[in-house]
Amino acid sequence: MDYRQQIAEAIHTELNEHFELNEINLLLEKPKHTEHGDIAFPTFQLAKLFRKNPAQIASELGDKITSPLISKTEIVGPYINFYLNKEAVSQAVINEVIVDKGNFGQLSIGNGGNVPIDMSSPNIAKPMSMGHLRSTVIGNALSNILKKVDYSPIRINHLGDWGTQFGKLITAYKKWGSEEAVKADPIKELLTLYVKFHDEAEDDSDLEDEGRAWFRQLEEGNEEAVAIWKWFREESLKEFEKVYNRLNIAFDSYNGEAFYNDKMTDVVALLEEHNLLTVDRGAHIVNLDKYDLNPALIKKSDGATLYMTRDLAAALYRHKNYDFSQSLYVVGQEQSNHFKQLKAVLKELEFDWADDIHHIPFGLITKDGKKLSTRKGKVVLLEEVLDEATAQALQQIEEKNPALPNKELVAEQVGVGAVVFHDLKNDRLNNFDFTIEEVVQFEGETGPYVQYTRARALSILRKAGIDTVSPSENHALSDDYSWEVIKLIHDYPNTVKRAYENFEPSIIAKHAIQLAQAFNKFYANVRVLDEHSEKEARLALVFAVTELLKEDLRILGVQAPDEM
RNA sequence: GUUUCGGUAGCUCAGCUGGAUAGAGCAUUCGCCUUCUAAGCGAACGGUCGGGGGUUCGAAUCCCUCCCGAAACGCCA
């Protein structure tokens with residue numbers, strides 16, 4: 001049910017000569033204060049039309065508007081405030097969730113269209129940092145949101161698995177590395193080799209040449225070079241998988257930079273066919289003056305291709321392979337310019353689908369106010385953060401619920417959940433300075449708070465001996481605490497829609513927090529298990545809340561332990 | 001310098017397409033576990049919504065301007 005729509009219809013029957021139904025719907029608003037009712041109609045916009053003052057219009061119009069859903073109408077100055085029939089609405093809303101469960105809020109916007117999502121994309125031989133976490137969890141949540149509005153998301157891990165750094169790495173490995181050391185702790189060892197290479201190269205310029213030579217060997221398919229590269233890639237991927245498993249995220253494709261190597265010449269040829277390439281200072285570029293952008297670099301002066309070339313190849317490949325209705329790139333906002341260029345070049349190639357490409361930028365994570373940099377050793381390692389969060393969660397369990405079964409598992413779910421939720425709860429464009437204290441919190445507006453709320457709700461159902469609820473005529477509720485919960489449940493489909501339209505997981509996270517807050521107030525003030533005429537309805541509400549909180553968390557990629 | 005984001009309570013942030021008295025969380029202080037998990041609930045404290053103009057019946061929200069911060073601005077990705 002959609003009570004807003006029904007109220008709009010009720011008003012429309014009185015104003016149908018002057019306004020369209022959807023115009024009225026847009027005028028309706030949700031009052032900020034409960035003493036202004038559940039839904040309000042301001043009459044300012046009618047003043048000019050009727051040549052009367054808004055307050056007068058409100059008082060004349062107010063009583064004419066009737067609906068079985070309206071229990072009371074109050075005129076406050078220029079506002080007509082409607083109070084809804086709590087019993088009727090709560091019964092309908094609760095039963096809807098009970099029937100739909102996790103599918104509640106499912107919308108049919110996307111018609112099943114494919115949406116490849118470029119996300120996560122760590123660099124081989126480098127550890128995953130908090131920065132990769134953002135792309136990973138935002139991309140994952142967006143995938144879930146897209147699925148929820150009937151798109152078919154395709155999670156693509158566009159690995160950084162190619163480039164001159166592999167020449168350097170091979171050089172360093174052959175000079176100082178060993179198979180055992182790499183196997184023991186691949187990423188750490190490879191990183192050490194990489195850093196050592198840069199240190200040594202400061203006094204020994206031959207090293208750089210050697211690195212370049214090895215990369216050339218790699219490009220030309222030298223057996224030894226390719227074998228080492230493959231091995232590094234596999235070992236790195238194994239390490240990444242550990243993190244992805246902890247985050248409960250799987251990918252549909254790991255086609256990274258290397259995958260597009262043999263597709264670059266076609267891109268260059270295509271650009272040439274369209275006469276888009278010009279040579280400037282020895283480099284091949286596409287001029288983008290008419291888009292007010294600096295030129296896109298396609299080939300370096302030494303003939304090597306670039307990031308842009310590869311992303312063009314990837315865009316073409318994805319279009320051909322997935323026939324996408326949209327193509328998303330969850331990449332930091334510092335690359336906005338690059339994606340503007342990418343779209344501009346595709347437009348120059350006269351591909352109308354260039355408009356279906358969306359860069360989904362996110363804010364920068366800093367440490368002590370400074371940008372993180374792998375080379376300078378200024379990194380916040382994701383695994384360490386997850387470990388710390390899990391350790392603290394376990395300690396919390398030992399303090400608060402030592403009898404809990406599966407403590408380690410729950411600690412992992414809560415600790416990782418805290419980190420993931422923290423990353424998703426604010427506008428994705430916000431920058432933030434990393435501190436472990438801020439990321440790993442269990443109180444207030446946090447993932448664990450939402451998880452805990454659900455666990456307490458489930459506990460009630462367990463005590464009542466209930467594990468599911470069927471729709472019933474007895475699910476009407478009348479108290480104010482449940483009413484606040486009901487309104488938030490009712491808002492859910494609209495919340496999903498907004499999250500999709502803005503590509504913004506935080507909208508889901510905020511809904512989860514609000515729902516948890518409303519439910520905790522209910523929990524503190526309304527006894528569910530006591531004998532009461534509304535006991536069955538209250539249990540049904542508790543059940544609906546557990547379902548919806550679980551769904552909110554699922555979309556965000558956060559686990560929902562039944563007990564904690 | 002140009003472009004793009006941002007500036008709301010001590011800190012971190014909400015505030016959806018402009019609407020009725022600007023809201024949370026954290027921190028601080030104080031209440032509430034013989035009753036469904038106190039990772040909770042309640043209360044107090046705390047704001048010239050960066051400054052100044054403008055549009056409007058109405059501006060934290062839209063426009064202009066200035067100040068401050070971050071990022072990006074051709075051979076890295």
Side-chain angles (χ1 to χ4, degrees), chain A residues 26-27 29-33 35-36 40 42 44-45 47-48 53-54 76-79 81 121 123 158 160 162-165 257 280-285 292-302 304 306-308 310-311 331-338 340-341 361 363-364 366 369 371 393 396-397 399-401 404 414 418 425-427 429-433 435 437-438 441-446 448-453 455-464 494-495 498 501-502 504 506-507 510 513-514 516-517 520-530 538 542 563-564:
Chain A
L26 283 170
L27 288 174
E29 56 186 64
K30 189 165 59 179
K32 285 179 192 143
H33 305 275
E35 63 267 30
H36 292 145
F44 303 101
Q45 306 283 340
K48 280 176 213 138
N53 76 63
V76 182
Y79 288 90
N81 295 333
S121 312
N123 295 318
H158 190 79
W162 201 251
T164 48
Q165 72 268 27
E257 292 168 10
D280 190 278
R281 286 172 247 172
H284 289 67
I285 64 167
D292 240 350
L293 292 167
N294 41 7
L297 259 86
I298 304 299
K299 277 167 92 172
K300 297 204 276 191
S301 44
D302 68 1
L306 287 145
Y307 183 35
M308 179 59 69
R310 230 177 329 257
D311 260 4
V331 180
Q333 67 166 339
E334 65 273 16
Q335 291 187 43
S336 292
N337 196 51
H338 168 75
K340 280 184 196 158
Q341 291 181 320
L364 206 62
T366 54
K371 199 174 166 175
Q396 195 84 188
I397 291 168
E399 278 171 33
K400 310 204 177 219
N401 196 358
L404 182 74
V414 172
K425 78 170 175 180
N426 289 136
D427 192 313
L429 277 167
N430 290 357
N431 298 334
F432 77 88
D433 196 64
T435 56
E437 296 78 16
E438 195 199 306
Q441 277 189 5
F442 303 119
E443 291 170 20
E445 298 170 333
T446 66
Y449 171 83
V450 178
Q451 292 171 319
Y452 177 72
T453 304
R456 288 211 299 180
L458 272 178
S459 175
I460 294 178
L461 298 179
R462 211 178 303 121
K463 289 218 157 73
N494 187 41
T495 301
R498 278 176 47 221
E501 286 169 345
N502 296 294
E504 187 51 271
S506 70
I507 290 174
K510 275 164 197 139
I513 289 170
Q514 287 180 349
Q517 285 173 335
N520 280 325
K521 285 174 192 174
F522 166 85
Y523 183 96
N525 291 285
V526 178
R527 301 287 309 169
V528 177
L529 294 175
D530 291 356
R538 288 171 180 174
V542 173
E563 284 183 72
M564 62 186 273

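A note on names: the letters A, B, ... follow the listed sequences, proteins ahead of strands, and every chain is numbered from 1.
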If you check the A:Y449 side chain, which of B:C41, B:C36, B:C13 turns out closest? B:C41

Can you tell me the base-pairing partner of B:A59? Count Watson-Crick or G-U wobble geometry only, both distances below 3.5 Å, and say none if there is no partner. none

Hey, does A:V542 reach any base, or is it just sugar-phosphate, or nothing, if we go heavy atoms under 4.0 Å? nothing

Tell me if the side-chain of A:N426 makes a donor-acceptor pair with the base of B:A14, cut-off 3.5 Å, by modelled atom types. no

At 4.0 Å (heavy atoms only), tell me whether A:R310 reaches a base, stays on the sugar-phosphate, or touches nothing. sugar-phosphate

So which nucleotide does B:G40 pair with, by the Watson-Crick or G-U wobble rule with both distances under 3.5 Å? B:C32

Assign A:I285 to base, sugar-phosphate, or nothing according to its heavy-atom contacts below 4.0 angstrom with the strands shown. base

Suppose we call a contact any N or O donor and acceptor under 3.5 Å apart; does that hold for the side chain of A:D280 and the base of B:G74? yes

Contact class for A:A393 vs. all strands (heavy atom < 4.0 Å): base, sugar-phosphate, or nothing? nothing

Among B:G15, B:C75, B:C41, which nucleotide has an atom closest to any side-chain atom of A:N520? B:C41

May I ask you to say what A:E399 touches in the nucleic acid, namely base, sugar-phosphate or nothing, with a heavy-atom cut-off under 4.0 Å? nothing

Note: A:E257 and A:H158 closest approach over all heavy atoms is CG-NE2, 3.9 Å

Pair assignment for B:C26, Watson-Crick or G-U wobble, requiring both distances under 3.5 Å: B:G10

Under-3.5 Å donor-acceptor pair between A:R456 side chain and B:G40 base: no

When all nucleic acid strands are considered with a 4.0 Å heavy-atom cut-off, which category describes A:N81: base, sugar-phosphate, or nothing? base

A:K48 has an atom NZ; how far is it from atom P of B:U56, in whole Å? 10 Å

With a non-hydrogen cut-off below 4.0 angstrom, is A:I513 in contact with a base, only sugar-phosphate, or nothing? nothing

Classify A:L297 by what it touches in the nucleic acid, base, sugar-phosphate, or nothing, heavy-atom distance under 4.0 Å. base

Considering Watson-Crick and G-U wobble pairs with both distances under 3.5 Å, what does B:G47 pair with? none

Can you tell me which nucleotide in B:C13, B:A20, B:A72 comes closest to the side chain of A:K371? B:A72

4.5 Å side-chain heavy-atom contact, A:I397 and A:M564: no

Using a heavy-atom cut-off of under 4.0 Å over every strand shown, decide if A:E437 touches base, sugar-phosphate, or nothing. nothing

Using a cut-off of 4.0 Å on non-hydrogen atoms, how would the nucleic acid contact of A:L306 be classed: base, sugar-phosphate, or nothing? sugar-phosphate

Going by a 90° cut-off around 0, is B:C33 syn or anti? syn

A:N430 side chain: which of B:A38, B:A72, B:C13 is closest? B:C13

Which is true for A:S336 with a 4.0 Å heavy-atom rule: it touches a base, it touches only sugar-phosphate, or it touches nothing? nothing

Could you tell me whether A:V526 contacts a base, only the sugar-phosphate backbone, or nothing, with contacts defined as non-hydrogen atoms closer than 4.0 Å? base

Nearest of B:C75, B:A72, B:C36 to any side-chain atom of A:N337? B:A72

Checking all strands, does A:E35 fall into the base, sugar-phosphate, or nothing category for heavy-atom contacts under 4.0 angstrom? base

Using a heavy-atom cut-off of 4.0 Å across all strands, would you classify A:H338 as base, sugar-phosphate, or nothing? nothing

C1' atom, B:U28 versus B:A22: distance in rounded Å? 22 Å

